[in-house]
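Here is the structure we will look at, set down as structure tokens.
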Amino acid sequence: MKNSLRIVALQALLMAVVISLAMDSINAALINIRSQCSETISACATCNICGGQVNCYALAPNNGFQVIDVGPNWPGGMIWGYPGDSANPTDGNNAKPQADLAEITIGADGEDYYEISTVNGYNLPLLIGPTTIAPPGQRQGLECGTAICSISNIDSFCKSPNYLTGPVGYGCYKVDGAGPVATPGTEQFANACPDANHVYTCPTGSNYEVVFCP
């Protein structure tokens, strides 16, 4: 009798593990990082639980891509790019303060959160949005919407007090950062990229794309 109860208990435990693994697989997010830029760029990714690890990928012109599987839990994820094909994490870290960021958190109590951040600055046109939407999500406004920040000519856009950084990010550095109040420097970015710095939500289990030069 005791052996039968043990077998039943083990079977129940095994079933719970299988169900848990299946749910993790269902809720795991794929992020397709693509480049529609006319020249090769490097795209980098990291997150809050990545232990400081930065992975970078060289993306060929006109739809080069890299798909990353971030699983069902990816807090504080960040994706950014810079010109050139080095795909070097050191270069990526140096470019990050000069770049606009695709920020995304996967699996926060059943919700994903994402945005384009121009708090540091801007260097490449950028898009982030879902490619498949998990129920009960629907594409409406800040729910499962698509954010785009695209500035056609960074040289003419970047005016004092902001300034062009040069290598390795080749960005426009935002002197005032987020800024507690609007300043001429922050208003340059707000006017050029009204989608930026607004948080979007979508149910966990959705998949996403990050596109450079959309």
* To do: Using modelled atom types only, decide if a donor and an acceptor are shared between the side chain of W80 and the backbone of G92 within a distance under 3.5 Å.
  => yes
* Enter the distance from I128:CD1 to I116:CD1 here, rounded to the nearest 0.5 Å. => 7.0 Å
* Structure fact -> Rounded to the nearest 0.5 angstrom, the OG1-CD1 distance for T46 and I79 is 10.5 Å
* Would you sort out whether L126 and V211 count as a side chain to side chain contact (heavy atoms under 4.5 Å, CB included), showing the intermediate values? => CA-CA 6 Å; L126 190 61; V211 184; over 6 Å; no
* Structure fact -> Here the gap from W74 atom CH2 to D69 atom CG, rounded to the nearest 0.5 Å, amounts to 11.0 Å
* Structure fact -> Heavy-atom closest pair (R34 atom, L59 atom, distance to 0.1 Å) is C-CD1, 4.1 Å
* Any donor-acceptor N/O pair, D112 side chain to G107 backbone, under 3.5 Å -> yes
* **Main-chain N/O of V199 paired with E115 side-chain donor or acceptor, under 3.5 Å** => no
* Asked: Are any side-chain N or O atoms of S35 and backbone N or O atoms of N63, one a donor and one an acceptor, separated by less than 3.5 Å?
  -> no
* **Reported CG-to-SG distance for the pair D91 and C56, which is rounded to 0.5 angstrom** => 8.0 Å
* Derivation of the side chain to side chain donor-acceptor pair (under 3.5 Å) call for N162 and Q188 -> CA-CA 9 Å; N162 304 321; Q188 285 181 27; 3.2 Å; yes
* Structure fact -> Closest non-hydrogen contact found for G169 with P83 is O-CD, 3.5 Å
* Would you find a donor on one side and an acceptor on the other, under 3.5 Å apart, between the side chain of T165 and the backbone of Y173? -> no
* Provide the closest heavy-atom pair for Q36 versus C213 in the form atom of the first, atom of the second, distance. => CB-O, 3.2 Å
* Asked: Are any side-chain N or O atoms of T40 and backbone N or O atoms of A60, one a donor and one an acceptor, separated by less than 3.5 Å?
  -> no
* Distance in Å, C172 SG paired with I154 CD1, rounded so as to fall on 0.5 Å steps -> 5.5 Å
* CA sep, side-chain torsions, deciding dist, call: T186, D176, side chain to side chain donor-acceptor pair (under 3.5 Å) -> CA-CA 7 Å; T186 61; D176 295 328; 5.5 Å; no
* Test side chain to side chain contact (heavy atoms under 4.5 Å, CB included) applied to V70 and I31, step by step -> CA-CA 7 Å; V70 299; I31 302 177; 4.1 Å; yes
* **Pair Y114 + Y208: ring centers closer than 6.0 Å** => yes
* Is any side-chain heavy atom of I148 closer than 4.5 Å to a side-chain heavy atom of P214? -> yes
* To do: List the steps and the verdict of side chain to side chain contact (heavy atoms under 4.5 Å, CB included) for V210 and N32.
  => CA-CA 6 Å; V210 172; N32 186 9; over 6 Å; no
* How far apart are the C-alpha atoms of L127 and T146, what are their side-chain angles, what is the distance that settles it, and do they pass the side chain to side chain contact (heavy atoms under 4.5 Å, CB included) test? -> CA-CA 7 Å; L127 172 154; T146 296; 3.6 Å; yes
* Consider only side-chain heavy atoms of I, L, V, M, F, W and Y, link residues closer than 4.5 Å, and tell whether I106 and M78 are in one cluster. => no
* Is there side-chain contact between I33 and F212, with heavy atoms separated by less than 4.5 Å? -> yes
* Got more than 12 heavy atoms from elsewhere within 6.0 Å of CD, E39? -> no
* Structure fact -> Closest non-hydrogen contact found for I49 with N73 is CD1-O, 3.9 Å
* Asked: With distance as the sole test, does Q98 use its side chain to make a donor-acceptor pair with the main-chain N or O of N94 at under 3.5 Å?
  -> yes
* If you look at every heavy atom in C193 and S150, which pair is closest and at what distance? -> SG-N, 3.9 Å
* To do: Indicate yes or no: at least one non-hydrogen side-chain atom of C149 is less than 4.5 angstrom from one of Y122.
  => yes
* Structure fact -> Distance col, row L30:CG vs I68:CD1, nearest 0.5 angstrom, shows 9.5 Å
* Going by heavy atoms in the side chains, are I41 and L124 under 4.5 Å from each other? -> yes
* Just by modelled atom types, is the P130 backbone N or O under 3.5 Å from a matching donor or acceptor in the S206 side chain? -> no
* Contact summary for A108 and T204, nearest pair of heavy atoms -> N-OG1, 4.3 Å
* Have T118 and N197 got a donor and an acceptor in their side chains that come within less than 3.5 Å? -> yes
* Taking the side chain from S42 and the backbone from A87, do they hold a donor-acceptor pair closer than 3.5 Å? -> yes
* Do F189 and F157 have ring centroids that are under 6.0 Å from one another? -> yes
* Is there a donor-acceptor pair under 3.5 Å between the side chain of N123 and the backbone N or O of G81? -> yes
